[in-house]
Amino acid sequence: MYALVDLKNEFIKKVKEALKEKGVEADELELLRSLAPPPSPELGDWGVPLFKYAKMLKMKPYDLVKELSEKIKVKGVKELKAVGGYLNAFVDVNEIAKRLLEEAIKEDYGTWNVPGRRVVEHTSANPVHPLHIGHVRNMFLGDSLAKILKNYGNEVQTRFYVNDVGRQVTVLVYALLKMGRLLPPEEQKPDHWYGIVYSVANAVIESKGPERDEWVPILEELRSKYPEIVKELEEKLKDKSYEEINKEISDLMKRYENKEEEAVKAFRTVVNKVIDGFKESMEVVGVRHDVWDWESELVWSGMVDMILKKAKELGIAKVKDGALVIEFNFLNDEIRERLRIPKGLEIPPLVLVRSDGTTLYTTRDIAYTIKKFEEFNADEVINVIATEQRLPQAQLRLALWALGYKRYAENLIHYAYEMVNIPGMKMSGRRGRMITLDWLVDEAIKRVKPLVEERSVLQGEEREKIARVVAVGAIKYAMVSVSKDKPITFKWNEVLNFERSSAPYIQYTHARAVGILRKANEEVNLDKADFSKAEAHRELILKIGEFPEVTRKAAEDLAPEKIAVYLSELSDLFNKFYHEHPVSKEPDEGYKQLKLAMVKAVANTLRRGLDLLGIEAPERM
RNA sequence: GGCCCCGUAGCUCAGCUAGGAAGAGCGCUGGCCUUCGGAGCCAGUGGUCCCGGGUUCAAGUCCCGGCGGGGCCGCCA
């Protein structure tokens with residue numbers, strides 16, 4: 001346990017005991033939760049409201065609090081103060097500073113040992129176009145969540161689901177087969193090339209269909225950008241009707257699901273190339289997955305068939321208009337509660353098998369969920385998926401429940417996040433309109449460069465590298481510092497803000513702290529430190545001490561933004577300290593050692609925190 | 001039409017799970033022309049917490065009813 005955690009627990013325990021002597025039972029957890037800093041520092045470091053207990057005892061709140069403040073004694077708390085109905089505590093910073101700083105300068109500061117096995121599936125983009133800005137939020141949230149949970153003590157596995165089965169890839173492969181070349185031109189990044197072919201294919205096909213009025217303008221837009229590809233595909237498909245094309249796509253899809261050699265070769269050639277592109281993009285921003293799962297493998301391994309067989313045997317699925325469908329008639333309030341499905345939400349039937357015999361995404365996702373739980377022996381599976389997929393995710397949990405996988409259904413978490421908007425632009429992969437991750441990173445670096453030129457202490461290659469670290473950090477921070485329930489509007493001037501509440505600001509603060517340590521050129525020696533001077537820096541020391549509670553809370557609530565906010569606050573306090581209190585020029589050796597320990601603790605905490613957000617903490621910039 | 005999310009300072013947001021003492025950054029105004037890195041520091045400015053009811057000693061937070069914005073309701077995902 002950590003210094004401040006123990007101290008809070010001890011304080012609350014004493015409060016509980018004192019209340020018990022007065023004759024009321026208090027819930028320790030409830031007291032602990034209500035413990036919060038008062039509005040201003042002269043009122044105390046922490047306060048706990050006791051109105052409720054005063055009422056139970058038929059006392060005036062102040063009288064109760066006053067009485068307790070005189071009775072309770074806690075080592076590490078130097079004073080208790082009664083303010084209205086609040087019992088406020090002043091921490092004896094001199095008393096706790098040694099242990100607190102000892103903990104804070106360790107490599108593993110802020111880690112926990114809470115057992116648990118969790119799978120985090122994230123990013124999982126359709127392999128038909130490059131990663132785009134929507135995936136960026138998904139990726140950085142998922143990556144940070146995995147790191148936060150590992151830090152919490154969990155065994156964590158990250159997985160990427162390759163959707164190589166289904167209508168979307170089939171459209172792409174179909175178009176490529178018609179064009180007679182599966183591979184992209186040498187000079188082009190594969191995912192980008194396929195993205196163009198995919199959007200053109202969609203437009204060419206759909207402008208023959210019932211929604212042609214909508215699609216013709218899109219096709220013309222694409223024609224102006226990629227005239228050769230549009231022309232080529234139009235030529236190849238000119239004799240075919242919309243219905244014929246769809247029949248051929250459906251046949252191709254079936255051939256792949258049936259693992260026919262030629263289809264396999266085509267699909268795999270294409271999808272592998274796209275995945276190479278994904279990996280290349282993710283490498284630039286430092287995101288890697290532990291396991292890559294291929295949707296087709298689920299089909300070929302017989303897992304999907306097993307699900308279908310089971311559904312039929314259990315009598316939960318029936319044939320309707322030639323398709324195999326689950327209806328969720330069994331759904332009641334208890335199941336809704338357990339599977340976190342809103343009371344009034346109507347759940348439409350789920351089609352498991354189309355009338356043409358092919359399966360759907362959600363069907364395969366049932367098999368995939370089972371695989372994720374079983375292969376890793378997971379307690380919980382977290383799917384990082386956009387909020388717009390709430391309904392299919394609910395259907396997935398219900399289908400698992402109906403099939404008898406109740407534990408999996410209950411422990412499958414849809415980590416739903418809101419969209420990322422670009423002002424004045426409606427993104428659409430099918431329409432070839434998107435902000436790609438690759439472009440985003442390049443553009444950010446380009447914009448950051450002049451700013452780095454102005455300020456950086458570095459030269460040459462190192463300076464180039466810092467521009468990338470700052471640019472990527474800024475994007476990550478923008479994605480991860482806002483709660484997942486709020487849509488993000490992506491604006492460069494907000495994302496590339498270098499002032500407070502930004503990754504560059506925190507990175508800079510870290511570099512400053514490390515700079516002091518580098519110049520001091522001596523090992524921090526806590527035995528020589530004079531802790532009687534700690535009181536003068538109470539705010540900063542207490543803030544450093546909060547870090548473990550923040551990492552724990554971030555893990556429990558799956559909330560990376562809590563770390564982001566904390567790091568920003570810690571940076572603010574450190575910068576104030578930096579400005580007012582010279583460290584290396586401190587004449588008093590004991591005091592200097594204390595200050596050095598604080599600086600080291602700050603540097604370490606900032607680095608650890610940035611790690612949890614997946615953001616690099618450079619030592620110079 | 002049904003359901004989900006959001007609505008807090010001019011702007012971007014924290015606080016809502018678990019009721020308890022209205023917060024931060026940006027912006028704006030003025031100062032620090034820099035003894036360890038000014039991506040910084042100091043001071044000031046700014047709020048019917050969308051509206052209306054209810055529960056409570058206490059509501060930004062819980063409940064009910066509205067309003068505004070976004071999303072979803074497909075043999076797509």
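Atom set for the values below is all heavy atoms of this structure, side chains included, hydrogens, waters and symmetry mates excluded. Each chain gets a letter, A, B and so on, in the order the sequences are listed, and its residues count up from 1.
Of the P atoms belonging to B:C64 and B:C3, the separation is 12 Å, rounded to the nearest Å. With both ends at atom C1', the span from B:G25 to B:G47 equals 16 Å, rounded to whole Å. Look at the C1' atom in both B:G66 and B:G7: the space between them is 14 Å, to the nearest Å. When the P atom is used for both B:C5 and B:C62, the distance is 11 Å, rounded to whole Å. Nucleotides B:U61 and B:A22, compared at atom C1', are 12 Å apart to the nearest Å. For B:G65 and B:C75, the P atoms lie 32 Å apart once the distance is rounded to whole Å. Taking the C1' atoms as reference points, B:A43 lies 34 Å from B:C50, given to the whole Å. Taking the C1' atoms as reference points, B:C67 lies 29 Å from B:A24, given to the whole Å.
Between the CG atom of A:Asp293 and the OH atom of A:Tyr161 there is a distance of 8.0 Å, given to the nearest 0.5 Å. From A:Thr363, atom OG1 reaches atom CG of A:Leu298 across 11.5 Å, with rounding to the nearest 0.5 Å.
A:Pro342 comes within 4.0 angstrom of sugar-phosphate atoms only, judged by non-hydrogen atoms across all strands, and of no base. A:Lys595 comes within 4.0 angstrom of no nucleic acid atom, judged by non-hydrogen atoms across all strands. Residue contacts shown for A:Thr509 are absent, as no nucleic acid heavy atom lies under 4.0 Å away. Within 4.0 Å (heavy atoms only), A:Asn246 reaches no atom of the nucleic acid at all. Across all strands shown, A:Arg364 has heavy atoms under 4.0 Å from sugar-phosphate atoms exclusively, and none from any base. Contacts of A:Ser584 with the nucleic acid, taken as non-hydrogen atoms under 4.0 Å apart, include base atoms. Nucleic acid contact class of A:Phe51 (heavy atoms, under 4.0 Å, all strands): base. Residue A:Asp321 is classed as a base contact, given a heavy-atom separation below 4.0 Å to a base. Here A:Val583 lies in heavy-atom contact (under 4.0 Å) with a base. As judged by a 4.0 angstrom heavy-atom cut-off over every strand, A:Tyr505 is placed among residues touching the sugar-phosphate backbone only. Residue A:Arg390 is classed as a sugar-phosphate contact, given heavy-atom separations below 4.0 Å to backbone atoms only. Using a 4.0 Å heavy-atom cutoff across all strands shown, A:Ala520 reaches no nucleic acid atom at all. When heavy atoms are screened at a 4.0 angstrom cut-off, A:Gly47 is found touching base atoms of the nucleic acid. The residue A:Arg500 sits close only to the backbone: its heavy atoms come under 4.0 Å of sugar-phosphate atoms, none of a base.
If you take CD1 of A:Ile249 and C1' of B:C75, they are 15 Å apart, rounded to a whole angstrom. As a whole-Å value, the separation of A:Gln395 CD from B:C76 P is 12 Å. What separates CG of A:Asp27 from C1' of B:G19 is a distance of 15 Å, to the nearest Å. For the pair A:Glu569 CD and B:G15 P, the computed distance is 11 Å after rounding to whole Å. What separates NZ of A:Lys320 from C1' of B:G74 is a distance of 14 Å, to the nearest Å. Atom-to-atom, NZ of A:Lys52 to P of B:U55 comes out at 20 Å; the value is rounded to the nearest Å. For A:Asn202 and B:C76, the CG to C1' distance is 11 Å, given to the nearest whole Å. Distance A:Lys576 NZ to B:G37 P: 20 Å, rounded to the nearest Å.
Here the nucleotide nearest the side chain of A:Leu345, chosen from B:C3, B:A77, B:U35, is B:C3. Between B:G37, B:G27, B:U12, one nucleotide has an atom nearer to the side chain of A:Glu499 than all others, and that is B:G27. Checking B:U35, B:U12, B:G20 against every side-chain atom of A:Glu494, the shortest atom distance belongs to B:U12. Taking every side-chain heavy atom of A:Gln389 into account, B:A77 is the closest of B:C73, B:A21, B:A77. Side-chain proximity of A:Ser501 to B:G37, B:G25, B:C75: nearest is B:G25. For A:His579, taking side-chain heavy atoms from C-beta onward, the closest of the listed nucleotides B:G20, B:A77, B:C41 is B:C41. Comparing B:A39, B:C76, B:G20 by their closest approach to the side chain of A:Tyr86 singles out B:G20.
Look at A:Arg167 and you won't find any side-chain N or O under 4.0 angstrom from OP1 or OP2 of B:G74. OP1 or OP2 of B:G15 sits under 4.0 Å from a side-chain N or O of A:Lys562. For A:Tyr361, no side-chain nitrogen or oxygen approaches OP1 or OP2 of B:A77 to under 4.0 Å. At B:C57, one or more side-chain N or O atoms of A:Lys55 fall inside 4.0 Å of OP1 or OP2 (strictly under the cut-off). The side chain of A:Arg512 places an N or O atom within less than 4.0 Å of a non-bridging phosphate oxygen (OP1 or OP2) of B:G38. Within the structure, every side-chain polar atom (N or O) of A:Lys484 is placed at least 4.0 Å from both OP1 and OP2 of B:C5.
Remark: the backbone N or O of A:Gly44 is not paired with any side-chain donor or acceptor of A:Asn88 at under 3.5 angstrom. Of the possible polar contacts, none joining the A:Asn383 side chain to the A:Ile385 backbone as a donor-acceptor pair under 3.5 Å is found. A side-chain donor-acceptor contact under 3.5 Å links A:Arg336 to the backbone of A:Pro342.
A distance of 6.0 Å or more separates the ring centres of A:Phe140 and A:Tyr477. The distance between the ring centers of A:Tyr505 and A:Phe498 does not fall below 6.0 angstrom. A centroid separation of less than 6.0 Å is found between the aromatic rings of A:His537 and A:Phe577.
Figure legend. B:G38 is base-paired to no nucleotide; pairs are counted as Watson-Crick or G-U wobble with both atom distances under 3.5 Å. When both pairing distances are held under 3.5 Å, B:C33 makes no Watson-Crick or G-U pair with any nucleotide shown. Base pairing of B:G25: its partner is B:C11, meeting the Watson-Crick or G-U wobble criterion (both donor-acceptor distances under 3.5 Å). Across all strands shown, B:G2 forms a Watson-Crick or G-U wobble pair with B:C72, both key distances being under 3.5 Å.
Evaluation of atom-type donor-acceptor distances gives a pair under 3.5 Å for the side chain of A:Lys553 against the base of B:U17. The base of B:C75 is paired with the side chain of A:Ser355 by a donor and an acceptor separated by under 3.5 Å. Side chain A:Asn575 to base B:A39: no donor-acceptor pair is found below 3.5 Å.
Each of A:Val83 and A:Asp485 was matched to the nucleotide of RNA chain B holding its nearest heavy atom; the match closer to the 5' end belongs to A:Asp485. Map A:Glu418 and A:Val165 each onto its nearest nucleotide of RNA chain B; the residue landing nearer the 5' end is A:Glu418.
Side chains of A:Thr358 and A:Asp356: a donor on one and an acceptor on the other come within 3.5 Å.
For the pairing with A:Phe11, the side chain to side chain contact (heavy atoms under 4.5 Å, CB included) check across A:Leu32, A:Leu31, A:Leu87 returns one residue only, A:Leu87.
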